[in-house]
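A quick write-up on the structure given underneath.
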2 protein chains.
Amino acid sequence: MEGTIVENQSEKISKGLEKIFTPAPLQVPGCPVRDVLDRIGDKWSILSVLHLGHSGKLRFNELLHRIDGISQRMLTVTLRGLERDGFVSRRIFAEVPPRVEYELTTLGMSLLDQVLGLAVWAQDNMGDIMAARAAHSTESGFRSHS
Amino acid sequence: MEGTIVENQSEKISKGLEKIFTPAPLQVPGCPVRDVLDRIGDKWSILSVLHLGHSGKLRFNELLHRIDGISQRMLTVTLRGLERDGFVSRRIFAEVPPRVEYELTTLGMSLLDQVLGLAVWAQDNMGDIMAARAAHSTESGFRSHS
DNA sequence: CGGAATCCCTCTGGATACTG
DNA sequence: CAGTATCCAGAGGGATTCCG
């Protein structure tokens, strides 16, 4: 039975595919998948969610320093987006100096679960991807001396 | 024990987080997570993978008609990218008229598994997201008659 | 049929400066 | 500290045209 593992995967996968493609086959207008993907597909959302998941409650500047390369502006924009969709909560403390704490909501934790799966997968399969990329370069970069 | 489910999730999640944040905390240069996310985070890659997973082997024009809204150019670009990273195989038949068939590789199927998890999650949680979005609009759109 | 090449416009996001 | 406002470059991606 060399097909056992594949069979199991196929079964689980086809269930999901069936669900996703029913009733409409992923039409762009109003497609949940597209909508969520556009949201978390931007440059910083997933990173923010991962960091919040990792560190828990964080202040604006803490996030700013942990997320490598992000600008002040984009952190604001990203957090507003995540807050808007209910993934992140924002608590403002009326102090001086002001303090604002961000934290994943329950929905955000749920998203983290999925995103983390993808992240771990990415880490695990990075080798294969790089290998495929290298193989592709060699075969198209230069061919065996005519 | 109202914390049981959360505890279980936390355990599984913290394992993943530990893995992702070790040893470097998601630095941008050379981060696998960022790299893969940039690849599949574009407008059409995930849709293409989902359709190939759903229909199996597909020709260029079949994909073009199934993926709602995609242009010829972007389908080409997307497929080249997926092929480059080893997610999709490309078979050319020397016929007239020419025929080219695309199919998920083993690595592509593996990616499909993750992406599908996200897609199903998106569908399941679309309600909550829309609700959060609506709530956010109401509270910032207009406040109770002053 | 399955692209490649070109044009062009929009939107993302970076840098900088200012505010409560 | 935690933003907002403005400006602007560059990438993403659509429409169109041409090719094997």
Side-chain angles (χ1 to χ4, degrees), chain A residues 27-29 31 34-49 51-52 55 57-85 88-103 136 140, chain B residues 26-29 31 34-48 51-52 55 57-85 88-103 136 140:
Chain A
Q27 302 300 332
V28 166
C31 169
R34 283 300 307 274
D35 194 284
V36 172
L37 258 39
D38 286 351
R39 168 106 294 287
I40 67 170
D42 64 31
K43 200 172 179 184
W44 302 110
S45 288
I46 288 188
L47 268 303
S48 302
V49 169
H51 274 277
L52 282 172
S55 304
K57 206 170 294 188
L58 284 176
R59 300 180 60 171
F60 187 86
N61 270 348
E62 290 176 328
L63 274 166
L64 193 60
H65 292 122
R66 278 166 213 246
I67 304 176
D68 181 54
I70 198 171
S71 67
Q72 203 176 37
R73 172 182 137 80
M74 285 319 294
L75 181 55
T76 302
V77 171
T78 302
L79 288 172
R80 291 290 177 278
L82 292 173
E83 189 194 0
R84 180 185 119 103
D85 285 1
V88 164
S89 69
R90 180 164 176 259
R91 292 200 56 194
I92 309 154
F93 296 84
E95 305 172 357
V96 38
R99 178 160 57 109
V100 180
E101 287 183 347
Y102 295 90
E103 192 177 12
H136 193 84
S140 65
Chain B
L26 295 172
Q27 302 300 332
V28 167
C31 169
R34 284 300 306 272
D35 194 284
V36 172
L37 258 39
D38 286 351
R39 168 106 297 287
I40 66 170
D42 64 32
K43 202 173 178 184
W44 302 111
S45 287
I46 289 188
L47 267 304
S48 302
H51 274 276
L52 282 172
S55 303
K57 205 170 294 185
L58 283 176
R59 300 180 62 172
F60 186 86
N61 271 345
E62 290 176 329
L63 273 166
L64 192 60
H65 291 120
R66 277 166 212 244
I67 305 177
D68 181 53
I70 198 170
S71 66
Q72 202 175 41
R73 173 184 137 80
M74 284 319 295
L75 181 55
T76 303
V77 171
T78 301
L79 287 172
R80 291 289 176 279
L82 293 173
E83 188 194 0
R84 180 185 119 102
D85 285 0
V88 165
S89 69
R90 179 165 177 261
R91 294 201 54 195
I92 308 153
F93 296 84
E95 305 172 356
V96 41
R99 178 160 56 110
V100 180
E101 287 183 348
Y102 295 91
E103 192 177 12
H136 193 81
S140 64

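So that the names make sense, note that chain A is the first sequence line, chain B the second, and so on, each numbered from 1. Reckoned from all heavy atoms, side chains included, excluding hydrogens, waters and symmetry mates. The model shown is predicted, which means the values in this text are computed figures rather than measured ones.
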Rounded to whole angstrom units, what separation is found between the [atom1] atom of [X] and the [atom2] atom of [N]?
| X | N | atom1 | atom2 | answer |
| --- | --- | --- | --- | --- |
| A:I70 | C:dG14 | CD1 | C1' | 11 Å |
| B:E101 | C:dC1 | CD | C1' | 13 Å |
| A:L79 | C:dG13 | CG | P | 14 Å |
| A:R80 | C:dG13 | CZ | C1' | 17 Å |
| A:D38 | C:dT12 | CG | C1' | 13 Å |
| B:R91 | C:dG2 | CZ | P | 14 Å |

How long is the span from the [atom1] atom in [X] to the [atom2] atom in [Y], to the nearest 0.5 Å?
| X | Y | atom1 | atom2 | answer |
| --- | --- | --- | --- | --- |
| A:R91 | A:E103 | CZ | CD | 8.5 Å |
| B:D85 | B:R80 | CG | CZ | 13.5 Å |
| B:I46 | B:R39 | CD1 | CZ | 11.0 Å |
| A:L82 | A:S89 | CG | OG | 11.0 Å |
| B:L37 | A:K43 | CG | NZ | 13.0 Å |

With axes from five pairs an end, tell me the bend angle of the helix from C:dC1-D:dG20 to C:dG20-D:dC1, nearest 10°.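 Axis-to-axis angle, ends of the helix: 40°.
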What residues form a side-chain hydrogen bond (donor to acceptor under 3.5 Å, both in side chains) with A:R99, not counting sequence neighbours?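 By the side-chain hydrogen bond (donor to acceptor under 3.5 Å, both in side chains) rule, A:R99 matches A:E95, A:E101.
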Would you please name every residue forming a side-chain hydrogen bond (donor to acceptor under 3.5 Å, both in side chains) with A:S48, sequence neighbours left out?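 Partners of A:S48 under the side-chain hydrogen bond (donor to acceptor under 3.5 Å, both in side chains) test: none.
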Walk along nucleotides 15-20 of chain C from 5' to 3' and tag each nucleotide B, S or - by protein heavy-atom contact under 4.0 Å, base first, then sugar-phosphate. B-B--B
Exam field: side chain A:T76 to backbone A:Q72, donor-acceptor pair closer than 3.5 Å: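 Flag set: sc A:T76 to bb A:Q72 pair under 3.5 Å.
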Of A:P97 and A:T76, whose closest DNA chain D nucleotide lies nearer the 5' terminus?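 Upstream on the strand: A:P97.
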Report the residue (B:R99 or A:M74) whose heavy-atom-nearest nucleotide on DNA chain C is the more 5′ of the two.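 This one resolves to B:R99.
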Which residues, if any, of residues 57-66 of chain B bring a heavy atom under 4.0 Å of DNA chain C?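 Heavy-atom cutoff 4.0 Å gives B:R59, B:F60, B:N61.
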With heavy atoms under 4.0 Å as the rule, sort A:Y102 into base, sugar-phosphate or nothing.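 Sugar-phosphate: the residue A:Y102, judged by heavy atoms under 4.0 Å, touches backbone atoms but no base.
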Mind listing the closest non-hydrogen atom pair of [X] and [Y] along with its distance?
| X | Y | value |
| --- | --- | --- |
| A:L47 | B:R34 | CD2-CD, 2.9 Å |
| A:R90 | A:V100 | CG-CG1, 3.8 Å |
| B:W44 | B:T78 | CB-OG1, 3.5 Å |

Reading DNA chain D 5' to 3', which nucleotide is the first, and which the last, to come under 4.0 Å of any heavy atom in chain B?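 Here the contact window of chain B covers D:dG13 to D:dG20.
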Without placing hydrogens or testing angles, list every side-chain donor-acceptor pair under 3.5 Å for residues 58-67 of chain A, not counting sequence neighbours.
{"from": "A:R59", "atom 1": "NH2", "to": "A:P98", "atom 2": "O", "distance (Å)": "3.4"}
{"from": "A:E62", "atom 1": "OE1", "to": "A:R59", "atom 2": "N", "distance (Å)": "2.7"}
{"from": "A:H65", "atom 1": "ND1", "to": "A:N61", "atom 2": "O", "distance (Å)": "2.8"}
{"from": "A:R66", "atom 1": "NH1", "to": "A:S55", "atom 2": "OG", "distance (Å)": "2.9"}

Suppose we screen for side chain to side chain contact (heavy atoms under 4.5 Å, CB included). Which residues come up paired with B:R73, at least two apart in sequence or across chains?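 B:R73: side chain to side chain contact (heavy atoms under 4.5 Å, CB included) contacts with B:S71, B:V77.
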Can you list everything that forms a salt bridge (charged side-chain N to carboxylate O under 4.0 Å, His left out) with B:R84? Sequence neighbours excluded, please.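 So B:R84 forms no salt bridge (charged side-chain N to carboxylate O under 4.0 Å, His left out) with any residue.
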